[in-house]
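What follows is a short report on a single structure.
Computed over heavy atoms, backbone and side chain alike; hydrogens, waters and symmetry mates excluded. Start at 1 and go down the list; that is how both ligands and their atoms are numbered.
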Amino acid sequence: MFTAFLIKYAEIGLKGRNRYLFEDALVHQIKFALKKCEGKFLITKSQGRIYVEAQTDFDYDEVVEQLKKVFGISSICPVIFAEDEGFEKLCGRVIRYLGEIYPDRHMTFKVAARRADKSYPKDSNAINADLGEAILKAYPEMKVDVHHPDIYLHIEVREKIYIYSVEIPGPGGMPVGTGGKGMLLLSGGIDSPVAGYMVAKRGVKIDAVYFHAPPYTSERAKQKVVDLARILSRFAGPVYLHVINFTDIQLYIYEKCPHEELTIIMRRYMMRIAEHIAKETECLGLITGESLGQVASQTMASLIATNEVCTLPVYRPLIGFDKQEIVEVAEKIDTFETSILPYEDCCTIFVAKHPVTKPSVNVIRRHERNLEERIDELVETALRTDELIIVD
Ligand code: ATP
Ligand code: MG
């Protein structure tokens with residue numbers, strides 16, 4: 001029955017003179033999301049609204065599913081259009097609409113008319129009253145409730161008349177791309193994809209870097225990260241994934257540094273390399289899946305040591321989340337099943353039995369000096385052999 005959707009957006013409506021930038025970004029993201037759907041769609045902006053109109057047959061559920069992934073959308077309203085053929089015809093159209101959508105009509109309603117086209121002969125109050133009356137006559141089981149109705153029946157009079165009453169919640173947030181770009185440290189675990197999702201939701205475009213350590217980590221572990229990036233891209237748009245070969249750096253640290261400090265020192269090199277790529281690709285911050293106290297390398301003291309090597313801000317959106325809360329988001333965004341596939345990640349091979357939980361930055365720095373001889377060259381090689389995979 002529906003051939004179009006009215007897209008409502010909340011937060012971005014508040015952006016004053018920058019508003020059109022946000023709207024354009026939202027239109028762009030909607031176009032991107034609908035590319036994956038069958039059918040052709042016309043997306044238009046008009047008077048603080050965005051409309052998606054199908055120009056061919058399309059799969060309603062598929063389109064709604066896609067739109068639910070576009071950050072910036074607060075709700076998705078399937079609409080029908082009526083030509084202006086007089087008020088009688090409009091009443092008939094609305095009554096048929098209600099009959100189709102609500103087979104059980106024991107409910108309360110309120111007509112909420114908006115007359116954008118001021119040449120329409122009835123003003124919005126008159127539409128509300130007269131249409132309400134016609135509905136009550138057709139469906140005596142329905143009742144008016146102007147304060148807390150079960151349904152708001154929206155009638156918008158424009159060049160055509162738009163009718164809708166169903167609002168499907170969107171994901172909220174801000175359109176991706178309006179908030180700059182961040183570099184996500186993406187491992188194959190549960191946490192980092194969720195961290196990427198949360199920052200993308202605030203309008204940030206996501207690039208990603210994955211450190212792999214062949215042959216200690218397998219091709220399948222890498223594929224899993226690519227798959228996670230692909231799931232993220234459903235929300236965040238195309239993800240530029242940098243795959244860095246970390247093996248020689250890891251082995252070198254393993255050879256030269258105390259084993260209980262391995263994780264921290266490795267994390268510091270990951271951050272350094274990620275920051276290097278971030279700066280070259282105009283990312284404005286790093287993003288990790290760290291959560292306070294989750295493991296030894298995520299205590300406040302450990303985070304001092306990890307953070308110290310970065311000059312860009314490090315966004316840790318999961319910092320106050322319990323594991324269970326992270327898992328809930330992972331399930332909602334569909335990364336969980338992929339994240340728990342049992343392929344080793346590069347940290348599990350080199351973990352110490354008793355990693356430090358309160359590393360001293362001075363001690364860590366001193367031990368990193370053991371690496372002086374070759375580390376610059378190894379980092380350079382790792383950066384030079386960066387494999388870029390564009391995932392969408
Ligand atoms: P995750 O579930 O995201 O793997 P984790 O609980 O396993 O997190 P750590 O292994 O301590 O935690 O990693 C902390 C963060 O460091 C990760 O959330 C991720 O952002 C980053 N990270 C860890 N390993 C890698 C890797 N191999 N490649 C890229 N980033 C990584
Ligand atoms: Mg991990």
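Annotation: cation-pi pair R19/F22 absent, no NZ/CZ under 6.0 Å from the ring centroid and within 45° of its normal.
Taking every non-hydrogen atom of G189 and a distance limit under 4.0 Å, the qualifying atoms of ligand 1 come out as 1 (P), 2 (O), 4 (O). Numbered from 1 in the order shown, with element, the atoms of ligand 1 that lie under 4.0 Å from a heavy atom of V209 read 29 (C). Heavy-atom proximity to G289, at under 4.0 Å, picks out these atoms of ligand 1: 17 (C), 18 (O), 20 (O). Proximity to I190 (heavy-atom distance under 4.0 Å) selects the following atoms of ligand 1: 2 (O). Close approach of ligand 1 to T288 is summarised as follows: ligand atoms under 4.0 Å from at least one heavy atom of the residue are 20 (O).
Proximity annotation for atom 12 (O) of ligand 1: of Q298, Q294, E290, Q298 comes nearest, heavy atoms only. When the options R316, K323, R267 are ranked by their closest heavy atom to atom 15 (C) of ligand 1, first place goes to R267.
Residue-to-ligand polar distances place L185 within reach of ligand 1: an N/O pair is separated by less than 3.5 Å. Ligand 1 has no nitrogen or oxygen under 3.5 angstrom from a nitrogen or oxygen of G188. Taking distance alone, with nitrogen or oxygen atoms compared against 3.5 Å, Y210 stays at or beyond that limit from ligand 1. Between V295 and ligand 1, no pair of N/O atoms sits closer than 3.5 Å.
When every heavy atom of A236 is checked against every heavy atom of I206, the shortest pair comes out as CB-CG1, 4.3 Å.
Taking the six-membered ring for Trp and thresholds of 30 and 60 degrees, F235 and Y197 have ring planes more than 60 degrees apart, a perpendicular arrangement. Relative orientation of the F58 and F5 rings is perpendicular, given thresholds of 30° and 60° on the angle between their planes. Using a 30° and 60° split on the angle between ring planes, Y254 and H259 fall in the parallel class, below 30°.
Every heavy atom of H212 sits 4.0 Å or more from the atoms of ligand 1.
Counting only residues at least two apart or in different chains, side chain to side chain donor-acceptor pair (under 3.5 Å) contacts with residues 132-146 comprise R105-E141.
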Worksheet entry | CA sep, side-chain torsions, deciding dist, call: E275, V309, side chain to side chain contact (heavy atoms under 4.5 Å, CB included) | CA-CA 9 Å; E275 176 162 288; V309 301; over 6 Å; no
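Residues passing the side chain to side chain contact (heavy atoms under 4.5 Å, CB included) test with T56, sequence neighbours excluded: K40.
The pair R374-E255 fails the salt-bridge criterion, with no side-chain N (NZ, NE, NH1 or NH2) lying under 4.0 Å from an Asp/Glu carboxylate O.
When heavy-atom distances to ligand 1 are checked against a 4.0 Å cut-off, L184 has no atom that comes that close, whether in backbone or side chain. Of the heavy atoms in S297, only side-chain atoms (C-beta onward) come closer than 4.0 Å to ligand 1. Of all the heavy atoms of T263, none lies under 4.0 Å from any atom of ligand 1, so neither backbone nor side chain is involved.
Note: the hydrophobic cluster containing I80 does not contain Y164 (ILVMFWY, side chain heavy atoms under 4.5 Å, direct or indirect links).
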